[in-house]
Amino acid sequence: MDRDGRPFDLPAPDELDTPCLVVDLDRLEANLAGMAGLLAGRGVALRPHAKTHKSVAVASRQLAAGAAGLTVASLGEAEAFADAGCDDLFVAYPLWAAGPKAARLRALQERARLSVGVDSAAAAAVLGAAVAGSGRPLQVLVEVDAGLHRTGVPPGRAATVADAAGRAGLEVVGAFAHAGHAYLGPDRVAAAADDERRALEVAQSALLRAGHEAWVLSAGSTPTAARSAAGAVTEERPGTYAFGDRQQVGLGSCRRDQVALVVAATVVSAAAPGQVVLDAGSKALSMDRPAWLAGHGELPAYPGVTPARLSEEHAVCEVAPGAAAPPPGEVVAVVPNHVCPVVNLFDQLLVVRAGQLVDAWPVDARGRST
Ligand SMILES: Cc1ncc(COP(=O)(O)O)c(C=O)c1O
């Protein structure tokens with residue numbers, strides 16, 4: 001979309017087998033450079049979350065633009081990126097390394113510079129057992145809760161987990177937090193960023209007081225990155241910033257003309273009055289919708305047309321009275337609400353520059369959620 005809300009140019013319709021994902025390379029590169037430049041200016045490391053794109057081609061560009069390494073959400077994602085030669089990986093998740101995961105963790109640790117999240121003494125013991133006898137200690141970051149109340153201990157209790165990690169033979173290198181409560185709405189972003197920074201500073205004091213290291217104080221979300229990259233924070237882990245999406249526009253973390261990925265979809269029916277139907281249902285757009293946004297995405301070229309209902313292969317779009325609607329057969333761009341689950345639904349990203357198809361990148365870590 002440009003400043004008027006129009007989408008970036010798609011390739012000719014006969015080059016698109018819809019539904020499919022189209023990435024604008026100029027916008028992607030500008031987004032990567034923007035975040036890298038912002039954080040470099042603050043002296044804060046960038047470790048982008050690769051779960052957004054799951055793509056080696058995008059990760060390589062992030063690393064070339066100065067990222068210190070990658071963040072991932074699962075061992076499977078870590079394996080996929082390690083296979084491609086990205087070997088500095090943080091699993092920002094309280095990994096429970098039991099069963100088959102123990103051997104996988106051990107094998108990965110032998111071939112990559114790996115750190116993982118931990119938020120309990122019990123998980124630390126399981127991690128320690130998984131890597132016992134390995135040539136080098138596994139590095140861990142204690143997860144602290146900055147206000148999302150999902151995982152992580154209260155920041156003041158970081159040392160309790162760190163003590164247990166030390167007893168389990170793990171190397172504590174710091175703490176991490178994710179201020180996901182920023183997603184509750186545009187009015188929550190600033191306070192969530194401040195919560196994130198403060199939580200890490202409290203964790204740092206607790207760790208240092210107890211004689212642990214706190215080299216890494218890792219904050220991470222796209223909406224909070226610009227504000228929480230301050231004080232004691234050493235690292236940021238934004239992911240969605242690479243592509244942007246409708247939710248990020250609503251939160252104020254990117255402009256419409258910075259959104260770099262759309263779902264291309266074909267109008268397949270206009271049989272019922274007052275609506276058109278696209279071939280992009282929940283299997284293309286996902287069901288993700290924040291409570292403060294109406295609809296399952298937006299059609300920038302048709303502001304009066306809203307994807308109001310999804311079934312698996314259909315997006316039923318309501319057409320506002322008097323609004324222009326695309327006719328059957330037209331290929332339209334849909335900006336998804338949340339790009340991360342959308343990418344996980346596709347095998348490839350079609351890459352365009354100035355409306356010309358220039359590449360197709362595999363979604364290498366698609367489905368590697370285990
Ligand atoms: C632990 C963690 N770190 C970083 C991120 C990246 O945040 P965002 O998607 O806002 O870029 C996420 C996203 O869910 C996350 O869960």
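Scope of the values below: all heavy atoms of this structure, side chains included, with no hydrogens, waters or symmetry mates.
- Following chains of ILVMFWY side-chain contacts shorter than 4.5 Å, one can reach Val118 starting from Val91, so the two form part of one hydrophobic cluster.
- The residues Asp194 and Arg227 are annotated as salt-bridged, a charged nitrogen and a carboxylate oxygen being separated by less than 4.0 angstrom.
- Atom CG of Leu127 and atom OG of Ser120 lie 8.5 Å apart (nearest 0.5 Å).
- The shortest side-chain heavy-atom distance between Val276 and Ser269 does not fall under the 4.5 Å cut-off.
- Rounding to the nearest 0.5 angstrom, the gap separating the SG atom in Cys20 from the CZ atom in Phe346 is 7.5 Å.
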Please report the C-alpha distance between Glu330 and Leu278 in whole Å, then the side-chain angles of each, then the deciding distance to 0.1 Å, and finally whether the side chain to side chain contact (heavy atoms under 4.5 Å, CB included) criterion is met.
CA-CA 10 Å; Glu330 183 164 323; Leu278 310 179; over 6 Å; no
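- With respect to Lys51 and Glu77, no salt bridge is recorded, no charged nitrogen being found less than 4.0 Å from a carboxylate O.
- No donor-acceptor distance shorter than 3.5 angstrom exists from the side chain of Asp119 to the backbone of Val153, with no hydrogens or angles considered.
- Considering only heavy atoms from C-beta on, Val259 comes within 4.5 Å of Cys254 through its side chain.
- Neither side chain, Asn337 nor Arg289, offers a donor N or O lying under 3.5 Å from an acceptor on the other.
- In summary, the side chains of Gln248 and Thr222 do not present any donor paired with an acceptor at a separation below 3.5 Å, with no hydrogens or angles considered.
- Checking Ser218 against Arg237 by side-chain atom types alone, a donor-acceptor pair falls below 3.5 Å.
- Looking at Glu201, its side chain does come within 3.5 Å of a backbone N or O of Ala232 through a donor-acceptor pair.
- Annotation: Tyr93, atom OH; neighbour count of heavy atoms from other residues, nucleotides and ligands within 6.0 Å does not exceed 12.
- No chain of hydrophobic side-chain contacts below 4.5 Å, direct or via other Ile, Leu, Val, Met, Phe, Trp or Tyr residues, connects Leu63 to Val216.
- The hydrophobic cluster containing Leu200 does not contain Val189, counting ILVMFWY residues as joined when their side-chain heavy atoms lie under 4.5 angstrom apart, directly or transitively.
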Dump the intermediate steps for salt bridge (Lys or Arg N to Asp or Glu O under 4.0 Å) on Asp163 and Arg157, then the final yes or no.
CA-CA 10 Å; Asp163 289 345; Arg157 286 189 23 220; over 6 Å; no
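- Side-chain N or O atoms of Asp245 include one that pairs as donor or acceptor with a backbone N or O of Val339 at under 3.5 Å.
- Atom CH2 of Trp361 is separated from atom NE2 of His53 by 10.0 Å, given to the nearest 0.5 angstrom.
- There is no side-chain donor-acceptor pair under 3.5 Å between Ser282 and Glu312.
- Residues Leu345 and Arg366 approach most closely at O-NH2, 3.1 Å, considering heavy atoms.
- For Tyr241 and Gln258, the side-chain atoms include no donor-acceptor pair closer than 3.5 Å.
- For the pair Arg197 (side chain) and Ala193 (backbone), a donor-acceptor distance under 3.5 Å is absent.
- Under the 3.5 Å distance criterion, the side-chain polar atoms of Arg188 are left unmatched by any main-chain donor or acceptor of Ala182.
- For Ser228 (side chain) and Thr224 (main-chain N/O), a donor-acceptor pair under 3.5 Å exists by modelled atom type.
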Working for side chain to side chain contact (heavy atoms under 4.5 Å, CB included), residues Ser55 and Val363
CA-CA 5 Å; Ser55 150; Val363 182; 5.8 Å; no
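- Taking CG of Leu70 as the start and CD of Gln62 as the end, the distance is 6.5 Å to the nearest 0.5 Å.
- The backbone N or O of Thr266 sits less than 3.5 Å from a side-chain atom of Asp279, completing a donor-acceptor pair.
- Looking at Asp26, its side chain never comes within 3.5 Å of a backbone N or O of Arg353 through a donor-acceptor pair.
- Residues Val343 and Phe243 have side chains in contact (heavy-atom distance under 4.5 Å, counting atoms from C-beta outward).
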Take Leu10 and Val352, measure what side chain to side chain contact (heavy atoms under 4.5 Å, CB included) needs, and give me the verdict at the end.
CA-CA 7 Å; Leu10 295 180; Val352 300; over 6 Å; no
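- Side-chain contact between Val351 and Asp24 is absent, with no heavy atoms from C-beta onward closer than 4.5 Å.
- Two residues are said to be in side-chain contact when any heavy atoms from C-beta on lie closer than 4.5 Å; Val172 and Trp215 fail this criterion.
- Of all non-hydrogen atoms in Ala177 and Glu196, the two that sit nearest each other are O-OE2, 3.7 Å.
- Judged by distance alone, with hydrogens and angles left aside, the side-chain atoms of Ser134 form a donor-acceptor pair with the main-chain N or O of Arg136 at under 3.5 Å.
- Residues Leu46 and Met35 meet the side-chain proximity criterion, which asks for heavy atoms closer than 4.5 Å.
- Taking both residues in full, the closest heavy atoms of Ala242 and Leu28 are given as O-CD1, 3.3 Å, listed atom of the first, atom of the second, then distance.
- Residues Leu207 and Glu213 share a closest heavy-atom pair of CD1-O, 4.0 Å.
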Please evaluate residues Leu75 and Leu95 with respect to the criterion side chain to side chain contact (heavy atoms under 4.5 Å, CB included), reporting the C-alpha separation (whole Å), side-chain torsions for both, the decisive distance (0.1 Å), and the verdict.
CA-CA 8 Å; Leu75 260 188; Leu95 200 62; 4.1 Å; yes
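- His296 and Asp288 share no donor-acceptor pair across their side chains, judged by distance under 3.5 Å alone.
- Taking 4.0 Å as the cut-off between side-chain N and carboxylate O, Arg113 and Asp87 do not count as a salt-bridged pair.
- Hydrophobic clustering of Ile, Leu, Val, Met, Phe, Trp and Tyr side chains at less than 4.5 Å, counting indirect connections, unites Met287 with Leu261.
- Proximity of Val72 to Phe81: side-chain heavy atoms (C-beta onward) are separated by under 4.5 Å at one or more points.
- When all heavy atoms of Ala284 and Val342 are compared, the pair lying nearest together is O-CG1, 3.4 Å.
- Here CG of Leu108 is found 6.0 Å from CD of Glu79. Values are rounded to the nearest 0.5 Å.
- Among pairs with a residue in residues 155-185, those fulfilling ring pair (Phe, Tyr, Trp, His ring centres under 6.0 Å) read Phe90-Phe176, at least two apart in sequence or across chains.
- Proximity of Val335 to Pro300: side-chain heavy atoms (C-beta onward) are separated by under 4.5 Å at one or more points.
- Looking at Thr52, its side chain does come within 3.5 Å of a backbone N or O of Gly239 through a donor-acceptor pair.
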So Arg47 and Glu236, salt bridge (Lys or Arg N to Asp or Glu O under 4.0 Å) or not? Walk me through it.
CA-CA 6 Å; Arg47 185 178 286 276; Glu236 291 281 345; over 6 Å; no
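- Listed here is the closest heavy atom pair of Ala264 and Val331: CB-CG1, 4.2 Å.
- Summarising the geometry, atom CG belonging to Leu25 is positioned 13.0 Å from atom CD belonging to Gln356; distances are rounded to the nearest 0.5 Å.
- A salt bridge is defined here as a Lys NZ or Arg NE, NH1 or NH2 lying under 4.0 Å from an Asp or Glu carboxylate O, and Glu298 with Arg256 meets this definition.
- There is no path of hydrophobic side-chain contacts, each under 4.5 Å, that joins Val126 to Val131.
- Residue Asp17 places its CG atom among 12 or fewer non-hydrogen atoms of other residues, nucleotides or ligands, all under 6.0 Å distant.
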